[in-house]
Protein chains: 2
Amino acid sequence: MESGKRATIHDVARQSGVSAATVSKILNGVTTVKQPNVDRVMAAIEDLGYRADPVASELRQGQRRLIAAIVPELNNPFFGALISGIEDAAETAGYKVIFGTSRESEEREIDVIQRMHDWRVSGAILVPVQSERGRGAALLADLGITSVLLDRVSASSAFDTVTADNFRASADVAQYLAEQGHRHILLHCATATSEAVRMRVEGFTSFMRRLDAGIRIDVLLNDINEQDKRGVLGQHWDRYSTLDTPTAVFALSQHSTLVVLSELRRRKITVSGQVALVGFDDADWMQTTWPSITAVAQPVEIMAKQAIAALLTRLANDGKGYPIQHLERCVLNIRESTHSNDAGRIGRRNLDQPRTQIRGE
Amino acid sequence: MESGKRATIHDVARQSGVSAATVSKILNGVTTVKQPNVDRVMAAIEDLGYRADPVASELRQGQRRLIAAIVPELNNPFFGALISGIEDAAETAGYKVIFGTSRESEEREIDVIQRMHDWRVSGAILVPVQSERGRGAALLADLGITSVLLDRVSASSAFDTVTADNFRASADVAQYLAEQGHRHILLHCATATSEAVRMRVEGFTSFMRRLDAGIRIDVLLNDINEQDKRGVLGQHWDRYSTLDTPTAVFALSQHSTLVVLSELRRRKITVSGQVALVGFDDADWMQTTWPSITAVAQPVEIMAKQAIAALLTRLANDGKGYPIQHLERCVLNIRESTHSNDAGRIGRRNLDQPRTQIRGE
DNA sequence: GAAAAAAGATAAATCGGTTTACTTTATTTG
DNA sequence: CAAATAAAGTAAACCGATTTATCTTTTTTC
């Protein structure tokens with residue numbers, strides 16, 4: 001039965017002795033069809049293993065249940081989880097996701113967007129290579145594709161956006177570290193500074209300044225695409241005298257966490273014993289390594305759902321209305337790397353307010 | 001110009017004063033069109049920003065340039081990279097990839113495959129939840145979808161398959177560790193045993209037995225879905241007396257590497273100093289942590305390319321011909337975790353033979 | 001029981017391309 | 001120069017669904 005071609009709606013119509021229009025009606029839930037006909041059609045469908053071809057269906061309907069999702073790369077589990085969540089949420093809403101990777105190149109980004117546009121996607125979700133002012137976002141606007149920008153964007157823009165609340169998460173870390181009695185903290189980021197990293201620094205320092213101006217905060221960012229990141233951190237560390245060494249390090253990215261961790265280990269500085277460590281962007285390995293590492297977890301799943309929800313809402317409103325910025329609440333997973341030698345606490349910190357929605361300009 | 005509807009081939013035809021058929025011919029490289037007409041059509045295309053709608057095009061052509069790719073999950077960077085590579089290779093061949101995640105559930109797997117089939121994909125690449133004997137593979141065969149099975153399959157099957165050469169990679173590790181003078185090695189895997197893990201154990205032990213029967217190999221696998229993996233390893237370790245402790249551990253999965261690493265650290269056993277560690281499935285963090293970890297890297301990129309290549313070949317042959325099993329060569333990235341205290345070697349080990357192709361039954 | 005209204009079914013048009021079969025125009029051949 | 005051949009172009013059919021407009025049948029109303 002599966003030899004060669006698949007059954008079409010006309011095959012079903014013929015076999016059940018009705019017209020194709022009637023079959024279509026039955027399949028689309030039109031109720032003005034007599035029961036005996038419904039029965040015969042259903043039987044034929046079953047018999048032939050018929051399933052409607054979405055390509056033909058969507059061509060006629062003039063509307064494509066297709067959403068484009070574009071991320072910089074998929075080797076990164078964060079984006080992987082994002083795409084996965086997007087697929088899941090879209091599927092529930094009856095949409096199919098077609099994805100693309102920009103590979104951190106704006107050239108490729110616009111190329112991918114063009115191809116998505118060829119498919120007449122009804123909407124797009126973009127994690128821009130650069131930011132909401134990059135070429136990808138501009139092209140989406142040009143082409144008039146209703147879109148949601150994700151993750152690498154600052155709060156104000158012409159688009160709906162969904163990002164982690166980097167500012168607030170960092171403030172939470174500040175509060176937590178202050179509570180733990182730390183008076184000298186190093187903020188470190190080994191990757192090129194992005195809007196997200198800026199917000200993280202900002203959130204941490206501004207909160208801390210208000211809380212206790214006496215707490216010393218050092219900030220070490222490798223803006224440039226520095227090769228030997230461990231080296232840069234090492235050099236910086238060398239400048240501390242034995243007494244004014246920071247008692248805590250807040251690593252502002254996953255990669256940075258790794259860099260800090262390895263440099264501390266190389267120097268035989270015990271994490272948690274001599275220096276507390278908090279990472280941004282939680283990962284599997286952080287809970288399995290020893291000591292396990294306290295880290296801010298981004299709500300990937302929620303961000304994905306929110307992105308789809310925002311897109312569908314906008315689609316329903318025909319793209320009209322004010323852009324909305326969604327800031328999703330992060331969670332601080334407290335683990336061994338911030339246990340002072342005496343303490344044995346372990347837990348999870350999450351202010352219970354729901355995510356914030358800020359109405360844009 | 002981008003207000004509302006997009007230009008169709010008929011708009012182009014009208015604007016350039018020719019028929020739609022002529023426009024179609026020009027776009028599809030038919031040469032029997034006069035230059036002046038070509039020029040006018042190209043101008044109109046440019047002017048209207050026309051791009052053919054693949055949905056309409058593929059409907060008429062009866063052939064979809066669509067490939068289904070199904071992986072268990074995307075949070076895992078290995079599968080992320082795989083999908084990414086598949087997309088890249090498919091794109092080069094003029095195919096669009098639609099993907100899905102089975103989330104380790106066979107229910108979902110068959111559901112996803114059904115939906116892909118609805119789209120009349122011309123072929124599928126599947127990383128099965130279970131194996132080539134699972135429900136997904138069976139359904140693909142039933143539906144008559146030409147497919148390639150990837151990664152979680154044993155060498156013999158009715159499908160074209162692409163896997164890492166786990167057997168040989170492990171043999172390489174065996175050889176390397178023997179060369180380093182290790183006489184007692186622990187093989188550890190913390191995840192449920194799969195075909196891949198079996199091949200890794202097999203490859204290691206069979207090679208070692210041939211090389212030197214006097215070398216002691218302990219194998220510790222948690223077949224069951226054990227919660228406290230570190231605990232199981234710890235208990236096992238406790239049974240060693242001070243003198244018969246293994247001098248090297250070969251962790252058979254990425255996760256296992258992490259488990260071993262953290263348990264050794266907890267016991268203050270220095271990696272590389274007291275015990276050498278080799279991991280299977282390389283990851284970013286392994287080269288940044290200290291000491292950096294020697295690991296077998298799977299050739300994800302190559303596997304992805306190979307999968308697409310195999311699929312396209314089979315598609316070209318109309319699905320006919322013997323199934324071919326592709327075993328892709330892994331690379332052992334040698335790092336600090338296997339440096340004996342005296343040595344300072346660092347390097348990369350890769351026998352220079354090309355990947356093996358074994359003709360199936 | 002005839003006319004009007006409602007219900008049920010369908011032929012044909014449509015979506016945006018490609019392809020076939022045919023016509024028109026240009027070129028070559030005898 | 002007419003006939004044959006080749007080149008260039010197009011109208012119409014088609015892919016597989018949905019939708020519109022129309023037609024047929026059944027039910028209701030007077």
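A note on names: the letters A, B, ... follow the listed sequences, proteins ahead of strands, and every chain is numbered from 1. Everything numeric in this text was worked out from a predicted model, so none of it was measured. Note that these values count all heavy atoms, side chains included, but never hydrogens, waters or copies made by symmetry.
Contact check, A:Tyr50 against D:dG16: no side-chain N or O comes under 4.0 Å of OP1 or OP2. One finds a side-chain N or O of A:Ser24 lying less than 4.0 angstrom from the OP1 or OP2 phosphate oxygen of D:dT18. Put simply, A:Asn37 has no side-chain N or O that comes within less than 4.0 Å of OP1 or OP2 on C:dG8. Residue B:Ser57 has no polar side-chain atom (N or O) positioned under 4.0 Å from OP1 or OP2 of C:dG17.
Between B:Ser84 and A:Leu74, the shortest heavy-atom distance links the atoms CB-CB, 4.1 Å.
In this structure, of C:dA11, D:dA11, C:dG17, it is C:dA11 that holds the atom nearest to the side chain of A:Ala21. Taking only side-chain atoms of A:His10, from C-beta outward, the nucleotide of D:dA17, D:dT18, C:dT18 with the closest atom is D:dA17. The listed nucleotides are C:dT19, C:dT10, D:dG16; the one nearest the side chain of A:Leu59 is D:dG16.
Across all strands shown, A:Val18 has heavy atoms under 4.0 Å from sugar-phosphate atoms exclusively, and none from any base. Counting non-hydrogen atoms under 4.0 angstrom, A:Arg120 reaches the backbone sugars and phosphates but no base. As judged by a 4.0 angstrom heavy-atom cut-off over every strand, A:Thr8 is placed among residues touching the sugar-phosphate backbone only. Nucleic acid contact class of B:Thr22 (heavy atoms, under 4.0 Å, all strands): base.
With DNA chain D read from its 5' end, the first of the two nearest nucleotides for B:Lys34 and B:Ala56 is the one closest to B:Lys34. Judged by closest nucleotide on DNA chain D, B:Val33 is the one of B:Arg60 and B:Val33 placed further toward the 5' end.
The base of D:dT10 sits with one of its N or O atoms less than 3.5 Å from a complementary donor or acceptor on the side chain of B:Lys25.
Although no hydrogens or angles enter the test, the distance criterion places a donor-acceptor pair under 3.5 Å between the side chain of B:Asp160 and the main chain of B:Ile324.
The closest side-chain donor-acceptor pair between A:Glu87 and B:Thr101 falls under 3.5 angstrom.
With a 4.5 Å cut-off on side-chain heavy atoms, A:Gln306 and A:Met303 do not count as touching.
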